[in-house]
Amino acid sequence: MRIFRSISEMQDWSSVEHLAGNSIGFVPTMGALHHGHAELFSQSVKENTRTVVSIFVNSLQFNNASDLEAYPRQLEQDQVIAEQKDVDVIFVPTNDEMYPNGFASSISVGPVAQHMEGLHRPGHFDGVATVVVKLLNAVMPDAAYFGRKDFQQLAVIRSVVRDLNIKCNVRGVPTVRNGMGLALSSRNSRLSTNRLEQASIIYALLNDMANQARSSETSTLTLQNQFNDRMKSVSGTKVEYVEVVDSDSLLPATTAQKGTTICVAVWFDDVRLIDNISI
Ligand code: PAF
């Protein structure tokens with residue numbers, strides 16, 4: 001497995017691979033790799049001749065300095081996981097490499113980024129879009145893989161890639177869950193064992209709401225009230241949002257029914273967890 005730290009090294013390698021007729025799959029990450037990432041790597045390895053993983057904690061997408069500070073970092077462990085999954089290259093640019101002095105451009109994402117995560121984390125998706133486009137320009141992949149847990153992020157990236165004519169197939173990969181149903185996330189490593197168990201309530205409630213909506217169209221307001229009430233039983237939690245959106249446009253929907261997705265964000269103490277379920 002090769003490790004590149006500069007954009008030019010990365011681009012040179014990709015150009016040679018393309019000239020040799022090899023396809024490149026790419027998984028952008030912020031590190032602290034877990035089985036969810038491993039699933040993305042496997043998908044890329046299955047569908048491409050080469051797989052590149054980037055590890056870069058992108059300061060532009062954090063709207064809170066303490067969240068950026070607390071974000072888990074474990075490069076050595078990450079390298080082992082990537083190697084075990086047959087990743088060919090890890091791209092680990094420094095902050096200065098990505099955002100040198102004088103860096104001043106940014107991508108402004110449209111309406112798809114304006115509610116849910118976009119509303120509660122102002123500037124977050126502009127930061128995600130900017131770094132993803134920079135990474136795509138560095139890696140020049142044929143396909144890039146993103147987890148469906150970050151449902152709105154996937155929609156944002158699809159729209160940016162489409163709008164900016166970036167030649168890359170954006171692939172969404174189903175959420176990987178632990179035995180209790182909790183969606184895997186790098187942030188889970190900040191939860192105690194007890195909190196991890198309690199957090200499995202999120203997916204249990206999402207399933208309850210989805211089953212209800214599958215048997216009969218249910219108003220968003222009813223689901224919001226139900227979710228908020230049930231979460232009150234877990235101390236130290238705070239529901240940030242419960243939204244029902246059209247699964248393609250991500251526009252808010254007033255009822256949950258086929259073709260919509262229920263998305264939630266919940267704080268467990270100072271750890272913010274998101275999840276979603278499609279009807
Ligand atoms: O999902 C993530 O880990 C990040 O938002 C991404 C796509 C790597 C951009 O920094």
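For ligands, and for the atoms within them, numbers begin at 1 and follow the listed sequence. The figures that follow rest on heavy atoms only: side chains count, while hydrogens, waters and symmetry mates do not. When a residue number appears, it is its place in the shown sequence, counting from 1.
Every atom of ligand 1 is numbered from 1 in the order shown, and the set under 4.0 Å from a heavy atom of Gln61 is 4 (C), 5 (O), 9 (C), 10 (O). Interface atoms of ligand 1 facing Pro28, defined by a heavy-atom separation under 4.0 Å, are 8 (C). Close contacts of ligand 1 with Val131, meaning ligand atoms under 4.0 Å from a residue heavy atom, involve 9 (C), 10 (O).
Only the backbone of Thr29 comes within 4.0 Å of ligand 1, counting heavy atoms alone; no side-chain atom from C-beta on gets that close.
Between the side chains of Asn58 and Tyr71, no donor-acceptor pair is found at a separation under 3.5 Å.
Closest protein heavy atom to atom 2 (C) of ligand 1: Gln153 NE2, 3.9 Å.
Atoms OG and CG, on Ser247 and Asn276 in that order, are 9.0 Å from each other to the nearest 0.5 Å.
For the pair Thr260 (side chain) and Gln257 (backbone), a donor-acceptor distance under 3.5 Å is present.
If you chain together ILVMFWY residues whose side-chain heavy atoms come under 4.5 Å of each other, Tyr203 ends up grouped with Leu182, Leu191, Leu196, Ile201, Ile202, Leu205, Leu206, Met209, Leu223, Phe227, Met231, Val234, Val239, Val242, Val244, Ile262, Val264, Val266, Phe268, Val271, Leu273, Ile277, Ile279.
Remark: His124 engages no residue in a ring pair (Phe, Tyr, Trp, His ring centres under 6.0 Å) (not counting sequence neighbours).
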